[in-house]
Asker: 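Please find one structure pasted underneath; my questions will follow.
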Amino acid sequence: MRNLQIENRKIIHIDMDAFFASVEQRDNPDLRGKPIAVGGGGKRGVTTTASYEARKFGVGSAMPGYKVRELCPQIIFVPPRFEVYKEVSIKIREIFARYTDLIEPLSFDEAFLDVTENKVNEPIATDLAMRIKNDIKNETQLSCSAGVSYCKFIAKIASDMNKPDGLTVIKPSQAIVFLEQLEVKKFFGVGKVTERKMEAMGIHTGADLKKYSKLDLAQKFGKTGSFFYDIVRGIDNRPVKAERVRKSLGIEQTLENDLEEHHEIIEVLDKIIEGFYARLLKADNFGRTITLKLKNKDFKTITRSRSEDYYIMQKDKIREIAYQLLEQAFNDFDALRLIGLTASKLQSEEEEDGQISLF
Ligand code: TTP
Ligand code: MG
């Protein structure tokens, strides 16, 4: 079924051109116009990326140094300066935020923007993409490429089509033909293994992929199989998810009557533990710290926390900690009007750090 609301979305995907290498060439004029690789100069190092001049020789990301020298003997290896890339990354996000709050960063140098509604009331997404490109160029002296379409999948493919300094628009009316002609290896989630499997099935392009039923594809490729079935038909309803770095996750409840008796409080606390645990499960996110929050009848707030060096994922453990925290606080209030439980030092925060340190 076609969903007009979704097809009317305007999504821009922005990706910086040869990001680390361009920053190095920007900051050191001696490197401009030359084949350079960032990282990979050491004995065991691999490159992070290469300048466009080096790419002509086949040099690319994640390549061992010896291989790079083989392909391009005149290569200049430059050590990475992550703090500078981080600064640029923050700067481009600031620029995006001038136009929309719906920004989903995919990495340091790449993000989706939903500009259906935007802060400058620009109805033409292509013009908005041009403005963003200009801002980035003016304020960072770096170029990026943009893809504009009605869904994430096509916008992302589009941004890669005319690199560097590209701006590619795929309208809904062009999508079907575009996808039919597209090589399947360009599809999201098609890695080398899937590509070989598809080749064996005679699937080289979107049009080939279309010959298979949803069931066939689901059987062959699992969940991604049904995703392929949809996207090759131009159906990709995934929203642009604005990043919010969650610091804590919890619930609290204001009680109908102020409670004083231990057994009454335990009864409510048990219910809160149930709700709290369900919330953590649903978010698939657990914390290393649990905090019990209590509010006295005179609105005085009391908190007690306990931290572990592991993620507290078991309900029994949560209950044990919650009970213990209640005992610790029991003499500090006379009648309770609110009880809450919060998890912090969450897995998601640390994953985020992990992702950044990947580069
Ligand atoms: P990409 O956007 O994949 O690459 P790029 O910006 O260098 O080039 P393109 O013009 O094709 O977009 O990655 C962004 C940065 O992330 C890249 O400059 C270096 C870093 N990176 C790594 O450190 N390791 C990797 O394996 C890849 C792919 C990227
Ligand atoms: Mg890039």
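Whatever order the structure lists ligands and atoms in, that order sets their numbers, starting from 1. Residue numbers count from 1 along this sequence. Just so you know, these numbers use all the heavy atoms, side chains as well, and skip hydrogens, waters and symmetry mates.
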Asker: Decide whether a cation-pi geometry holds between Arg279 and Phe276; the criteria are a distance under 6.0 Å from NZ or CZ to the six-membered ring centre and an angle within 45° of the ring axis.
Answerer: no
Asker: Under a 4.0 angstrom heavy-atom cut-off, which atoms of ligand 1 come close to Phe19?
Answerer: 5 (P), 6 (O), 7 (O), 18 (O)
Asker: With side chain to side chain donor-acceptor pair (under 3.5 Å) as the test, would you mind laying out the steps for Tyr311 and Asn285 before giving the verdict?
Answerer: CA-CA 9 Å; Tyr311 294 107; Asn285 205 353; over 6 Å; no
Asker: Provide the protein N, O or S atoms situated under 2.8 Å from the Mg ion (ligand 2); waters are not included.
Answerer: Asp15 OD1, Met16 O, Asp109 OD2
Asker: Flag this pair as yes if the NZ/CZ of Arg233 is under 6.0 angstrom from the six-membered ring centre of Tyr229 and inside a 45 degree cone about the axis; otherwise no.
Answerer: yes
Asker: Is any side-chain N of the basic residue among Arg304 and Asp332 closer than 4.0 Å to the acidic one's carboxylate O?
Answerer: yes
Asker: Answer yes when Arg81 and Asp27 have at least one side-chain N-carboxylate O distance shorter than 4.0 Å, and no when they do not.
Answerer: yes
Asker: Taking 4.0 angstrom as the limit and counting only heavy atoms of Asp17, give me the atoms of ligand 1 inside it, by number and element.
Answerer: 10 (O)
Asker: Hey, can you tell me if Phe221 and Phe228 have their rings parallel, tilted or perpendicular (30° and 60° cut-offs)?
Answerer: perpendicular
Asker: Is there a side-chain contact between Leu346 and Lys247 in this structure, where contact means two heavy atoms from C-beta onward sitting under 4.5 Å apart?
Answerer: no
Asker: Before signing off on this row, confirm whether Asp109 and ligand 1 have an N or O atom pair separated by under 3.5 Å.
Answerer: yes
Asker: Quick one: closest heavy-atom pair of Thr48 and Ser61, and the distance?
Answerer: O-OG, 2.8 Å
Asker: Identify which of Met63, Arg55, Met16, Glu110 has a heavy atom lying nearest to atom 8 (O) of ligand 1.
Answerer: Arg55
Asker: Do ligand 1 and Ser61 have nitrogen or oxygen atoms that lie under 3.5 Å from each other?
Answerer: no
Asker: Thinking salt bridges, do Lys315 and Glu274 make one under a 4.0 Å N-O criterion?
Answerer: yes
Asker: So, regarding Phe20 and ligand 1 (criterion: nitrogen or oxygen to nitrogen or oxygen, under 3.5 Å), is there a contact or not?
Answerer: yes
Asker: Which of the atoms of ligand 1 are close to Tyr52, meaning less than 4.0 Å from one of its heavy atoms?
Answerer: 9 (P), 10 (O)
